[in-house]
Amino acid sequence: MSARGVFDGTAEAVARDLIGATFHVSGIGGVIVETEAYDATDPASHSFGGPTRRNGPMFGPPGRAYVYRIYGLHWCFNLVCDGARRGSAVLIRALEPRSGLDVMRRRRGLKADAALCSGPGKLCEALGIDAALNGADLTQPPFAFVLPSRSVAISQGPRIGVTRGAETPWRFGLAGSRFLSRPLSAVETAT
DNA sequence: GTTCCGATGTACT
DNA sequence: GTACATCGGAACG
């Protein structure tokens with residue numbers, strides 16, 4: 001699948017496909033180990049109920065970033081996907097740090113490696129993602145994606161921090177990874 | 001290990 | 001005014 005094509009699937013499919021992919025921002029990054037899917041039919045999604053000033057990028061073309069501030073303090077980074085159905089996106093929740101560890105530690109305040117990117121807010125701080133990248137094209141610098149070449153074991157479960165749609169099992173993780181924001185249980189295999 | 005809490009921008013009632 | 005796709009530190013065991 002091409003770097004552009006990977007974003008043109010349902011949120012659930014893209015969230016699954018990106019587990020094990022490498023992701024860098026200006027050369028800083030690592031392996032995506034945790035994602036969550038959201039779409040317009042989903043009461044937990046910002047896109048549920050249609051476009052607003054904040055969620056604009058979710059209703060634009062796939063392959064763009066949707067960055068928003070949460071709890072007034074942190075940033076969350078999403079990949080807009082599904083060209084056939086607007087309002088779909090994948091939240092990147094955790095990364096296994098591989099490149100630019102020194103930069104990440106400086107930005108995060110010298111945290112242990114497993115705590116550098118183990119959550120959506122932490123990951124944005126470590127990678128330097130903020131509102132300046134909202135709406136940016138994910139197929140162009142500073143972004144770089146490389147999909148996994150081998151099949152990876154994926155765990156799946158309910159999403160974190162949501163109240164509405166809490167049962168929907170749209171959180172995906174690299175099975176057994178110690179870099180997750182929180183553990184997952186059920187295991188299956190995917191590419 | 002656990003629970004509780006404060007920080008505080010933006011959307012929405 | 002209230003809720004929210006969070007985090008880190010304090011208090012406790």
Side-chain angles (χ1 to χ4, degrees), chain A residues 7 10-19 23 25 32-60 62 64-82 85-97 103-136 138 154-174 177-185:
Chain A
F7 301 115
T10 65
E12 183 181 5
V14 173
R16 194 184 294 270
D17 290 345
L18 285 173
I19 298 299
F23 168 54
V25 179
I32 295 173
V33 298
E34 185 180 341
T35 60
E36 283 179 358
Y38 292 87
D39 75 24
T41 69
D42 166 18
S45 175
H46 288 176
S47 60
F48 187 72
T52 66
R53 178 152 59 257
R54 176 175 63 169
N55 69 15
M58 287 189 79
F59 289 91
R64 302 295 188 93
Y66 168 46
V67 181
Y68 67 92
R69 202 192 268 285
I70 187 169
Y71 295 111
L73 298 171
H74 309 292
W75 299 103
C76 283
F77 176 66
N78 294 255
L79 316 176
V80 178
C81 58
D82 200 344
R85 190 166 53 170
R86 301 284 190 184
S88 301
V90 172
L91 171 69
I92 307 301
R93 287 194 56 90
L95 205 71
E96 176 177 339
V103 175
M104 293 190 197
R105 290 187 196 106
R106 174 153 34 85
R107 287 171 172 164
R108 293 271 302 126
L110 296 172
K111 295 294 190 304
D113 290 357
L116 289 176
C117 301
S118 57
K122 300 176 186 179
L123 177 156
C124 283
E125 185 172 40
L127 298 192
I129 294 171
D130 63 20
L133 291 173
N134 190 32
L138 298 170
I154 294 178
S155 300
Q156 178 174 5
R159 294 169 295 185
I160 292 180
V162 301
T163 52
R164 298 163 300 171
E167 338 70 43
T168 308
W170 276 4
R171 175 176 174 237
F172 302 91
L174 185 63
S177 172
R178 69 184 184 93
F179 297 93
L180 302 177
S181 65
R182 287 168 54 174
L184 276 158
S185 45

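All values below come from the heavy atoms of this structure, side chains included, with hydrogens, waters and symmetry mates left out. In what follows, every chain begins at residue 1, and chains take the letters A, B, ... in the order their sequences are listed.
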Watson-Crick or G-U wobble partner of B/dT8, both distances under 3.5 Å: none

Shortest side-chain distance from A/L73, nucleotide among B/dT8, C/dA5, B/dA11: B/dT8

Sugar-phosphate only, base, or nothing, as touched by A/R108 at under 4.0 Å among non-hydrogen atoms: sugar-phosphate

Whole-Å distance separating the CZ atom of A/R164 from the P atom of B/dC12: 10 Å

Out of C/dC4, C/dA5, C/dG8, whichever nucleotide has its closest atom nearest the side chain of A/K111: C/dG8

Short N-O contact, A/R105 and A/D113, less than 4.0 angstrom: yes

Sugar-phosphate, base or nothing in reach of A/I70, heavy atoms under 4.0 Å: sugar-phosphate

Whole angstrom value for the distance that separates P of C/dC7 from CG of A/L116: 13 Å

Nearest-0.5 Å distance, CG of residue A/L116 to CG of residue A/L95: 10.0 Å

Full working for salt bridge (Lys or Arg N to Asp or Glu O under 4.0 Å) between A/R86 and A/D39: CA-CA 8 Å; A/R86 301 284 190 184; A/D39 75 24; over 6 Å; no

Between B/dT10 and C/dG8 - C1' atom distance, rounded Å: 22 Å

Interatomic distance where CZ belongs to A/R53 and P belongs to B/dG9 [whole Å]: 16 Å

Whole-Å gap separating P (C/dA5) and CD (A/E34): 16 Å

Spacing of A/E36 atom CD relative to C/dC4 atom C1', expressed in whole Å: 14 Å

Sugar-phosphate, base or nothing in reach of A/R54, heavy atoms under 4.0 Å: sugar-phosphate

Distance-only donor-acceptor check, side chains A/E96 and A/S177, under 3.5 Å: no

side-chain N/O A/K122 vs C/dG8 OP1/OP2, d < 4.0 Å: yes

Paired nucleotide for C/dA5 [Watson-Crick or G-U wobble; both distances under 3.5 Å]: none

Distance test, side-chain N/O of A/R69 to OP1/OP2 of C/dA5, below 4.0 Å: no

5'-most by nearest nucleotide on DNA chain C - A/P120 or A/T163: A/T163

Salt-bridge contact A/R93-A/E36 (side-chain N to carboxylate O under 4.0 Å): yes

Nearest-angstrom distance from the residue atom OH of A/Y71 to P of C/dA3: 11 Å

Spacing between A/I160 atom CD1 and C/dT6 atom P, to the nearest angstrom: 8 Å

Sugar-phosphate, base or nothing in reach of A/N55, heavy atoms under 4.0 Å: nothing

A/H46 NE2 - C/dA3 P separation (whole Å): 16 Å

